[in-house]
Every structure is written in structure tokens, then in C-alpha cells.
Amino acid sequence: MNASATRLILVGARRRNRGLTIITALVFSLIAALFVGAAVALGGASYNQSVERDWVEKSQLLAEAGLNYEMNYIGTRSQTNQSPYYHSNTTQAGEPYPGQPGTIPEVPEGKFWVYSTPGANGAITVTCTAAVGGSAATVGGVTTWSGGAVKTISASGSYWSIFGLYAVCALDEQGSANGSNPALDYTGANVKIVGTVCTNWTTSGQNSNVSYTSGINANTGSSNYGVSMPSGQGQLPKQTGATLVDQSYPEIFGTVPEVMRTLFNLTASTDPFTWLSTNNNNDQIRVFKSVGAALNNGGTQTAGFTQSETTFFDTNPPGSFKNILAPQGNQTNGAWTGVTGTDPTIGAYAGKVALIFPPGDYYFTDVQISYISNYEIIIDNAGLTTAAGSNASKKQVRWFIGNGKTPTTDYISLPMHMTDSSDPSTFRVMYAKDGCTFEFRRDSNMPSGAFNLVGAVYAVTNHITSTTNYTLVNGTKMTGTIIKFTGSTSTSTDLTKLDGALNADRVIFNGYCEIDFDKNVTNVNDPIAGSGFTGGYSDGG
């Protein structure tokens, strides 16, 4: 009996041991499963973190690439018909971020958007947004980037406009088109130039008296550009203050049509003057409302012009401003309107018959305005006659002259008074009649004193497209424009003077003249001629 009892006890013990073994195995299996699950979860998280980290790194790389792309674009002086202007803050259709879109081969799954913003006092900011690993999604008409990593960075620097480099720049890269005619002609003139002068062609200064306050940048690299440049730039080194700086390559600016396409965001195939003929502000030109009216919005009214009236003469050709305005007032010779304005705070306008140009874009095909006593042109760059009564945004008064056939010489002899004569950044004259001349002329019957202009003149219609060929535009060889400044030949007080900057294919001076470069001539609305960047960038996240 004892033996049997003992055996029964041993059998029960073995069963309990097997139960413990099974439980222990189950516990260990569960623990193992938990470890495996944790390992899988950790592995997935690590993978996701690795992918996201890769997106972030690539978006940083892509943003920097876009930044470099834009800085190269605006910092490299073009040797082609494409002028080096910046990309504005525009958004492509269906794109989530503003600017010029782009990609790089190193980051095929990503995209960047970059643009430049010019600011006050020659400042410029480049902003680039890059997105990697996601896609654009449109919800409620708003396109944003969904998923992935997005990075925005910016860099600050400085720029100069097409007017911010030289007091006078006479380009004429293809001087042979003008035969032996010089790019800068001072013959018989008395000229003072405050600022640097630039030329790509020859000069002539026989019997002249020319003084400079700065140097001369001259292209003598004739072997590269097919321009036969006499050693020493003709007469330049003989003039007072003319320190010659020898440039191996010519200075190249965009033509007026190229500049206009940039200003108005037009395609390369669009004729800018055809576009401007129906998109100008000629209908916004104003006159004084009554005798003794003040120079403000209430004291003036629109002159009654239409956008299609683009011939600016003081005589009687069909479609001229004179014919349009004469019926409104006295029918005296050359009268535009029969009313005169006076403003006790601005004595220059007292008793004057005037056409008033508030900020805007004005288009003329031909211009001939002679001097007439008690008549004048008022450039309202201060915005006094606007509804706001001011021009805090520095919007420009811009004259565009082109597509005219006759005359081949356009001129202005009537005083052009500025409502803010301290601001040369807000008046522009852009002349694009190839083979023609625009003259700022001090007529002999003008009262004693200077014929003053404040602003900038731009008259470029040709430039080199390669190292061997001259510019060909629509199969026609361009001959360039001429800007002529004519002052008194007898007295230095009766001079023609420009405070600002002058760029043209050729420049001719007659009599007493003065060009004073003003560093404040640069305006945020001007196309950029170049820029420079120093230091690092700011990381916008």
C-alpha cells in the first residue's frame, strides 16, 4: 500500500511539473512576441525617421540650389538678348508657392520656387521655398503642399538698376553701323559730367571743354567684339579729370523693348509698343480746372485725351494734343488749354498753361514741343494731383516713345517742372525710335537760366548678341538712337542740365551742358542691371 501511495504521489508531481513547463513556455513565447513586435515597430519608426530626415536634408539642399540659381541669374551680366533681370514674386498656375519653379537632378523628387524682391536704397532679397517628398494638393481652390518636407530660406544683398551705374553711358557696341560717328560727341561743347562715364566706342572732343569728376570706363577689347577701338579712346584722356579704366568687354544693357517686356511682364513675342498703345495712361493727363486753380486733385481735371492719341506736337498735325485741347480754351498759337493755374505754395506754376502728368505710363509715337512763353509741362512725380494727394509708393511718371515714323528728330524745349525736384527716381524717358534722335533743347527765346531735367533717360535699341556678330533684329541691322543735349553757346548760365542718369546708343552735346549723376536715381520699379550678395542667409524653416 505504501508503495502504491508513493507512486501516486510521484505521478501527481510529474503532472504539476508539466503544467508549470507549459505556462513558462507560454510566458516566454509571449515575451518573445512582444520583443519581436517592439523590434518591428522600432524598425518601422526608425525607417520613417530616416525617410523624413532625408526629406529635410534634401529640402535644405534644394532650397540652397534655388537660391544659388537666382543669384547667378541676376548677378551674371548677359552677353545675349536676354537682359539680366530678376524673377518677380509671381506664382505659376497650379503651383503652391510664389516664384520661378525649378528642379535639380540631385533631388529628382523635389521642386523649388524662387523670386527676388528689390527694396529701398538698392537692397534686394532672394527667397526660395523647396519641397521634397510630398505633392501639391488643391483644397477649396487653394493649392498647398501636402506631406514631405518644406524649407524656406532667403538671402539679402544689394542691386543696381539700369540707371544706377553711370552718369552717362554711350553704348554703341556696333559703331561701324554709324560709320566714323563717335559714341560720345563733345565737339564744340562745354560739358561738365558729375559721375562716371562709360562707352564702348570712340569719342570726339575737338574744340571742346569737358570736365569729369570721376573716371571713364571704356571698352578697348576690339579683338573680342569686332569693334575697332582706337588706343586711348580718342579725346577722353585729354580732358580734365578723365581717368581711363580699360574694360576688355563691352557694357551691355537691354534694349528699350526688352526693358518694356520686363516692366510689363510681356512675352518675348509681344511687341511692347503695340501692347502699350491700348494699355497707356494718356487718358489720365490733366489740366488746371479753372483760372487760379491749385495744383491738386480738386484744382485739376483730366484733359480729355484717349489712349489712342499718341502724337505729342505743339502745332496742328492730325491727332496732336494741340488739336484736342485748343477748343477747350483760347485759340492762341500753341495753346493747349485756355486756363492757367496758380498755387501759392508752388510759385513755379503761377500763371502757367500746363499739361500735368501724374504717375503713370504715357505713350507717344512722335514728340515736338517748342518753347512758348507761359506754357510748361508739369511732371507730377509727387502725386499732388492724384486722389491720394501724394506718392508714398514712389510710382513713376514714365514716357515711352517709339514706333513713330516722322519726324526723325524729336525734341522737347518747353520747361518740364517736377512737383518733387529732389527725387530723380520717379521720372523716366524711354526712347526707342531706332535711327532717330531725341533732343533736349534750350531754345534761344527761353528766359535766362538753366533748362533743367530731373530723372533718367534710356535710349538703347541695339547691342551685341555674340562675340562675332552684331545685333540683328527681325533681319534688320539696328543703327541705334541718339540723345542730344543742346544748351546755350554763349553763356554758362543758360545750360541744359540733367540731374539723374543717361543711357543711350549715342550721345551728342552742343553748347553748355551738365549731367549730374544722383545715387538716388534708383527706383524699385526699375529693371535690375546686376547685384551682389555677401554673408549668409536667413533660415525661415
Side-chain angles (χ1 to χ4, degrees), residues 44-45 47-76 82-120 123-157 159 258-270 272 275 278-279 361 393 395 524-528 531 533 536-541:
Y47 173 79
N48 290 336
Q49 289 175 355
S50 176
V51 171
E52 292 173 358
R53 185 168 57 250
D54 183 57
W55 286 345
V56 171
E57 291 174 352
K58 286 183 175 179
S59 65
Q60 178 77 30
L61 172 65
L62 193 57
E64 291 176 353
L67 209 65
N68 288 330
Y69 165 81
E70 184 72 359
M71 288 190 291
N72 282 331
Y73 181 77
I74 62 179
T76 302
Q82 298 300 316
S83 300
Y85 303 136
Y86 64 96
H87 294 116
S88 61
N89 184 355
T90 57
T91 301
Q92 304 293 318
E95 300 283 1
Y97 300 108
Q100 176 78 13
T103 60
I104 59 174
E106 292 81 359
V107 189
E109 67 268 45
K111 195 171 187 179
F112 66 76
W113 296 263
V114 63
Y115 64 91
S116 306
T117 306
I124 187 170
T125 301
V126 178
T127 302
C128 185
T129 298
V132 179
S135 61
T138 302
V139 178
V142 178
T143 302
T144 59
W145 196 263
S146 177
V150 177
K151 193 75 170 179
T152 299
I153 60 177
S154 62
S156 299
Y159 75 94
E258 289 172 348
V259 169
M260 291 174 66
R261 290 188 186 100
T262 299
L263 292 175
F264 301 126
N265 196 28
L266 305 177
T267 64
S269 61
T270 301
W275 180 87
T278 56
N279 290 276
D361 296 320
S393 61
K395 187 177 180 181
V524 296
N525 297 306
D526 291 331
I528 289 178
S531 62
F533 291 85
Y537 59 82
S538 61
D539 190 340

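As the structure is a prediction and not an experimental result, all values here were calculated from the model.
In plain terms, the two heavy atoms of Ser59 and Lys151 that are nearest each other are OG-CB, 3.7 Å. Closest heavy-atom contact between Leu62 and Lys111: CD2-N, 3.1 Å. When all heavy atoms are compared, the tightest approach of Gly66 to Val114 is O-CG2, 3.6 Å. In this structure, Ala136 and Thr143 approach most closely via the heavy-atom pair CB-CG2, 4.1 Å. Closest approach of Val132 and Gly110 over heavy atoms only: CG2-CA, 4.0 Å. Residues Thr267 and Arg261 approach most closely at O-CD, 3.3 Å, considering heavy atoms.
With contacts defined as side-chain heavy-atom distances shorter than 4.5 Å, the pair Trp275/Leu266 qualifies.
A tilted orientation is assigned to the rings of Tyr69 and Phe112, their planes being inclined by 30° to 60°.
The distance from atom OH of Tyr97 to atom OG1 of Thr152, rounded to the nearest 0.5 Å, is 7.0 Å. The structure places CG of Leu263 at 7.5 Å from CG of Asp526, a figure rounded to the nearest 0.5 Å. In this structure, CD on Glu70 lies 11.5 Å from OG1 on Thr125, to the nearest 0.5 angstrom. Atom CG in Leu61 sits 4.5 Å away from atom CD1 in Ile104 (nearest 0.5 Å). Here the CG atom belonging to Asp361 is positioned 8.5 Å from the CE atom belonging to Met260, to the nearest 0.5 angstrom.
A donor-acceptor pair is defined here as one N or O able to donate and one able to accept, closer than 3.5 Å; such a pair exists between the side chain of Asn68 and the backbone of Glu64.
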